[in-house]
Number of protein chains: 2
Amino acid sequence: MASPTEHEVLAAVLQIRGGTLQVLAWQRALPPDSGRWALPGGLLGDDEDVEQSVRRQLAEKVDLREVTHVEQLGVFSRPDRVPGVRRIATAFLGLVPSDADPAVPPDTHWHVLAAPAPVLANAAFDHADIVAAARDRLRAKLSYTNLGFALAPREFTISALRDLYVAALGHPVSATNLQRVLTRRAVLEPTGAVAPPGPAGGRPAALFRFTDRTLRVTDASAVLRAPSGSPGEGTRGAVP
Amino acid sequence: MASPTEHEVLAAVLQIRGGTLQVLAWQRALPPDSGRWALPGGLLGDDEDVEQSVRRQLAEKVDLREVTHVEQLGVFSRPDRVPGVRRIATAFLGLVPSDADPAVPPDTHWHVLAAPAPVLANAAFDHADIVAAARDRLRAKLSYTNLGFALAPREFTISALRDLYVAALGHPVSATNLQRVLTRRAVLEPTGAVAPPGPAGGRPAALFRFTDRTLRVTDASAVLRAPSGSPGEGTRGAVP
DNA sequence: CCAAAAGTGTTTTTTCTACACCCATGA
DNA sequence: TCATGGGTGTAGAAAAAACACTTTTGG
């Protein structure tokens with residue numbers, strides 16, 4: 001009634017590739033669940049916490065410098081989630097900018113997260129649940145934080161950014177309003193440079209960058225904010 | 001470099017008592033950290049997941065029927081968080097309505113979360129960090145969900161509800177606006193009954209209740225919502 | 001000059017805050 | 001009738017959606 005457990009960390013690494021949201025997974029060669037697709041991760045080391053561990057494990061699959069954001073999703077602990085042993089997982093969301101193309105091992109591939117279909121077909125263990133949680137977290141945070149920085153290249157046009165938001169959110173986004181909202185919130189700033197038009201012509205697009213490249217909550221709205229001039233201790237920011 | 005670990009669950013149970021936000025903790029009698037204040041919890045059992053476990057553990061400290069909401073906060077895993085053993089904790093937020101007064105064991109007390117002071121003075125291990133995370137999560141979710149239901153009695157006046165929000169958020173809240181915001185979002189509904197005025201007189205207050213007593217995201221705002229008539233798969237709800 | 005793509009101006013809608021005012025009760 | 005608390009009406013402000021229109025390019 002309280003045996004020792006193994007503790008693993010797992011990461012759902014998401015990237016927008018070719019206009020669709022995709023997740024990195026590798027194909028298991030050995031039982032259990034051989035042939036199925038698993039998330040990168042591994043057992044927690046003795047002298048590291050879960051955050052350090054997931055970064056270490058990820059470094060074995062992708063160039064860590066390409067992972068622009070990592071955050072904890074939660075614990076997955078069903079007693080039967082891995083057959084034979086009691087293994088508890090701390091799951092993470094990882095994000096890679098759309099212009100990166102990290103080298104990955106031969107057993108590792110990107111998988112499209114199709115809209116209505118299951119998030120990761122033929123997934124090992126409970127890894128499909130983790131991918132679903134990662135996608136939901138990304139969608140939620142894109143709306144009220146500056147998390148877009150983790151999906152976008154250093155510099156980009158508004159329509160390129162719009163395409164990223166469309167792919168991640170799964171619904172239409174107006175480039176016009178996207179620019180205005182993000183600019184008002186001081187999330188974006190113009191670089192001054194412009195991108196050359198495509199072969200069909202068209203006005204050259206201005207280039208933008210994110211003002212910050214670390215997570216920041218930008219929509220304090222959420223109502224019930226402190227009155228204009230008031231004490232208030234400053235909430236949110238630790239949302240999760 | 002990957003020894004077995006112990007896994008514990010811990011709960012920061014919060015309640016508004018006497019107008020202030022408080023947390024339930026018990027005083028350790030034995031080393032390590034004897035004399036310090038610890039959160040309720042215990043080791044994960046072999047045949048339960050962390051959610052089941054925290055409910056079981058809490059039942060030993062308080063009447064579980066009084067705990068109206070439980071949610072996972074995250075993993076605390078510093079290698080040295082508990083001396084001598086490798087013990088990983090999954091932390092939870094628990095909420096008790098302000099009109100409950102659950103019986104608790106003799107070593108267990110409610111502790112005020114004072115505004116500027118540390119959240120739990122003389123806390124054992126890393127439990128003060130957990131309490132801080134719980135308070136921040138509560139504050140954030142009060143603003144964009146119907147989580148108030150977990151702090152309030154079944155029926156209440158608007159000014160009583162306002163006092164709960166003030167205690168939890170730590171800043172002034174207008175009763176007028178609180179009522180309108182929550183009513184528009186269909187979080188509150190009048191019961192039809194009224195509360196008798198206090199000794200000083202005054203108009204009798206109408207009684208309200210929460211329409212739902214399970215967590216719901218009510219502020220889909222957060223911008224970048226799907227256009228009026230659009231596909232969109234419905235985000236948020238899994239925020240964390 | 002025309003099509004394509006980008007960006008700006010302006011209106012409308014929604015949602016909240018602020019504040020004045022009216023309502024119901026006990027002493 | 002007056003002090004006390006409760007509730008409504010309404011004006012203002014902020015932010016975002018929607019859409020028309022202008023700008024800049026390539027053929």
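So that the names make sense, note that chain A is the first sequence line, chain B the second, and so on, each numbered from 1. For the numbers below, each heavy atom of this structure counts, side chains included, while hydrogens, waters and symmetry mates do not.
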- Query: Is the A/His109 ring parallel, tilted or perpendicular to the A/Trp37 ring (thresholds 30°, 60°)?
  - Reply: perpendicular
- Compute whether any side-chain donor of one residue and acceptor of the other, for A/Thr68 and A/Glu66, lie under 3.5 angstrom apart. no
- A/Ala200 has its side chain closest, among C/dC16, C/dA5, C/dA18, to C/dA5
- Query: Is B/Pro196 touching bases, backbone alone, or none of the nucleic acid, heavy atoms closer than 4.0 Å?
  - Reply: nothing
- Message: Need to verify one output field. Residue with the more 5' nearest nucleotide on DNA chain C, A/Ser159 or B/Gly198?
- Response: A/Ser159
- Message: When you compare the side chain of A/Thr90 with that of A/Val54, does any pair of heavy atoms fall below 4.5 Å?
- Response: no
- Message: Using every non-hydrogen atom in the two residues, find where B/Tyr165 and B/Gly148 come nearest and quote the distance to one decimal.
- Response: OH-CA, 3.8 Å
- Query: Can any side-chain N or O of B/Arg139 pair as donor or acceptor with the backbone N or O of B/Ala168 at less than 3.5 Å?
  - Reply: yes
Under 3.5 Å between N/O atoms: give me all the protein pairs with nucleotides 11-13 of chain C, atom names plus distance.
none

- B/Leu182 CG to C/dT17 P: how many Å, rounded? 11 Å
- 5′-ward residue of the pair A/Pro199/A/Ser174 relative to DNA chain D: A/Ser174
Distances under 3.5 Å only, N/O to N/O: pair up the protein atoms with those of nucleotides 9-11 of chain D.
{"from": "D/dG9", "atom 1": "N7", "to": "B/Arg180", "atom 2": "NH1", "distance (Å)": "3.1"}
{"from": "D/dG9", "atom 1": "O6", "to": "B/Arg180", "atom 2": "NH2", "distance (Å)": "2.5"}
{"from": "D/dT10", "atom 1": "O4", "to": "B/Arg180", "atom 2": "NH2", "distance (Å)": "3.0"}

- Note on the structure: From OH of B/Tyr165 across to P of C/dT17 the rounded distance in Å is 13 Å
- Item | Any side-chain heavy-atom pair of A/Gln179 and A/Arg162 under 4.5 Å | no
- Side-chain donor-acceptor pair present, A/Glu51, A/Ser53, cut-off under 3.5 Å: no
- Whole-Å gap separating P (D/dG7) and CZ (B/Arg162): 11 Å
- Item | Residues forming a side chain to side chain donor-acceptor pair (under 3.5 Å) with B/His69, sequence neighbours excluded | B/Glu71
- Any side-chain N or O of A/Gln179 less than 4.0 Å from the OP1 or OP2 oxygen of C/dA6? no
- Task: Could you state the atom-to-atom distance from CG of A/Asp163 to C1' of C/dA5 in whole Å?
- Result: 13 Å
- Rounded to whole Å, the CG-P distance (B/Asn177 to D/dG6) equals 16 Å
- Message: Just N and O in the side chain of B/Arg185: are any of them under 4.0 Å from OP1 or OP2 of C/dT15?
- Response: no
- Query: Given atom CG of B/Leu178 and atom P of D/dG7, what is their separation to the nearest angstrom?
  - Reply: 12 Å
- Item | Stretch residues 203-210 of chain B: residues that reach within less than 4.0 Å of DNA chain C through a heavy atom | B/Arg203, B/Pro204
- Query: Looking at residues at least two apart in the chain, or sitting in another chain, which of them share a salt bridge (charged side-chain N to carboxylate O under 4.0 Å, His left out) with A/Arg209?
  - Reply: A/Glu189
- Note on the structure: Ordered by number, residues from residues 146-154 of chain B within less than 4.0 Å of DNA chain C (heavy atoms) are none
- Report yes if the side chains of B/Val75 and A/Gln72 come closer than 4.5 Å at any heavy-atom pair, otherwise no. yes
